[in-house]
Amino acid sequence: MKVLVVGGAGYIGSHMVQMLLERGHEPVVFDNLSSGYRDAVPERLLVEADLADEGALDAVFGAHRFDGVMHFASFIQVGESVREPAKYYRNNIANTLNLLDAMRRHGANNFIFSSTAAIFGEPDYVPIDERHPRRPINPYGFSKFAIEQVLADYDRAYGLRSSCLRYFNAAGADPQGRIGERHEPETHLIPLVLQAASGRRSHIDVFGQDYDTPDGTCIRDYIHIIDLCDAHLLALDRLIAGAPSSAYNLGNGNGFSVKEVIDTAEAVSGTVIARNVAARRAGDPARLVADASLARSELRWVPRFDDLATIVRHAWAWEQRMASGAKRSA
Ligand code: UDP
């Protein structure tokens with residue numbers, strides 16, 4: 001398959017590109033390198049361009065006939081989206097419309113959209129299945145919710161078929177340690193905890209321990225990046241085979257608290273990680289856990305790395321590499 005991977009130099013996108021190559025497919029990466037890394041993908045695959053640039057989109061769609069398009073290029077920080085909604089609506093909505101309209105102009109179909117658990121807002125129940133009401137509570141969640149609606153309308157009106165994959169908490173790294181998570185600034189729990197374990201940070205802030213959960217800290221469903229990428233390939237295969245548009249919640253169905261994540265990181269790294277109890281972070285639901293049975297039954301998705309220790313172990317191998325690189329360049 002020839003696949004356009006938009007945002008392919010970022011965390012999830014670069015793992016997707018690697019998997020596509022390993023399975024004998026032909027990815028083309030479209031990335032403006034605003035938060036991705038040039039060295040995360042083979043240079044020959046990279047088209048360095050911005051989704052705001054319709055000419056660049058026309059050029060890439062004119063040069064290739066894509067079997068599918070995967071879209072990973074978006075801003076992802078909830079807190080920042082509250083402070084700077086314009087940035088989120090411009091990039092996550094307007095730029096995605098540019099991409100979809102370029103697909104229409106060039107007759108491209110089969111769109112895999114990186115959606116999020118944040119479209120559900122404060123859940124009525126967990127685990128969260130696809131029937132759960134969608135009520136986002138921040139601009140990030142709204143931006144993804146808006147595109148899910150756009151995709152339903154584009155399918156009805158233009159026949160553009162899509163699959164919306166609602167990620168819970170993507171984590172972990174390439175099991176062979178070639179690539180991993182490198183957000184700048186980093187805001188995600190697992191990489192931050194591991195930076196504290198490696199000495200790149202003094203401690204980890206625990207955002208609230210007065211939630212209505214067994215140990216008082218927030219519960220999330222961490223899903224290994226490789227399992228996430230597997231789901232993308234399965235979803236694309238299904239669309240190409242003629243299946244209708246779809247949406248799937250992707251997680252392991254196991255919730256882990258912030259404290260449990262830190263405990264696991266201590267066990268994996270063999271270190272003691274200093275913890276500081278801090279205030280709750282605005283917009284954090286107490287508990288987000290996926291019911292991914294639809295992905296398991298329809299896509300025949302079977303997660304391979306569904307235990308937290310394995311996810312943390314792979315992230316730890318990557319963090320050690322990053323920490324030793326930081327030491328060398330210091
Ligand atoms: N969290 C934390 N300290 C941090 C970063 C995150 O306690 O320095 C908590 C956060 O409040 C949430 C969980 O860890 O309950 C996962 O947060 P993350 O930002 O990794 O992902 P999100 O759930 O926001 O997508």
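Excluded from the calculations below are hydrogen atoms, water molecules and symmetry mates; all remaining heavy atoms, backbone and side chain alike, are included. Every number for a ligand or one of its atoms is a count from 1 in the order of the listing.
Residue contact check: I204 has heavy atoms under 4.0 Å from atoms 8 (O) of ligand 1. Near D205, meaning under 4.0 Å from any of its heavy atoms, are these atoms of ligand 1: 2 (C), 3 (N), 4 (C), 7 (O), 8 (O). Close contacts of ligand 1 with R220, meaning ligand atoms under 4.0 Å from a residue heavy atom, involve 15 (O), 16 (C), 23 (O). Taking a cut-off of under 4.0 Å to the non-hydrogen atoms of T187, the atoms of ligand 1 that pass are 5 (C), 19 (O). Listed by number with element, the atoms of ligand 1 under 4.0 Å from a non-hydrogen atom of V206 are 7 (O). Counting the atoms of ligand 1 from 1 in the order shown, those under 4.0 Å from a heavy atom of C218 are 15 (O).
Taking the ring axis of Y158 as reference, the NZ or CZ atom of R104 stays within 45° of it and closer than 6.0 Å to the ring centre.
For the pair R135 and E122, the salt-bridge criterion is not met [side-chain N within less than 4.0 Å of a carboxylate O]. Look at E130 and R166 and you find no salt bridge, because none of the NZ, NE, NH1 or NH2 atoms lies under 4.0 Å from a carboxylate O.
Nearest residue to atom 8 (O) of ligand 1 from L192, N169, I76 is L192 (criterion: closest heavy atom). Comparing Y167, F207, F256 against atom 4 (C) of ligand 1, the shortest heavy-atom distance belongs to F207.
Not a single donor-acceptor pair under 3.5 Å links the side chain of D174 to the backbone N or O of G180.
Distance from atom 16 (C) of ligand 1 to its nearest protein heavy atom, with residue and atom name: Y222 OH, 3.7 Å. V258 CG2, 3.7 Å is the protein heavy atom nearest to atom 9 (C) of ligand 1. Of the protein's heavy atoms, L189 N, 2.8 Å lies nearest to atom 20 (O) of ligand 1. Closest protein heavy atom to atom 17 (O) of ligand 1: R281 NH2, 3.4 Å.
Judged purely by distance below 3.5 Å, without hydrogens or angles, the side chains of T213 and S257 never pair a donor atom with an acceptor atom. Side-chain contact annotation: D31 with Y37, donor-acceptor N/O pair under 3.5 Å absent. Checked by atom type, the side-chain pair S74/K144 shows a donor-acceptor distance below 3.5 Å.
For an aromatic pair to be called close, the ring centres must be under 6.0 Å apart, and H232 with F72 satisfies this. Taking the six-membered ring wherever Trp is involved, the centroid distance between the rings of F168 and Y222 does not fall below 6.0 Å.
The shortest N or O to N or O distance between D284 and ligand 1 is below 3.5 Å.
At a 4.0 Å cut-off, not a single heavy atom of V78 sits close enough to ligand 1 to count as contact.
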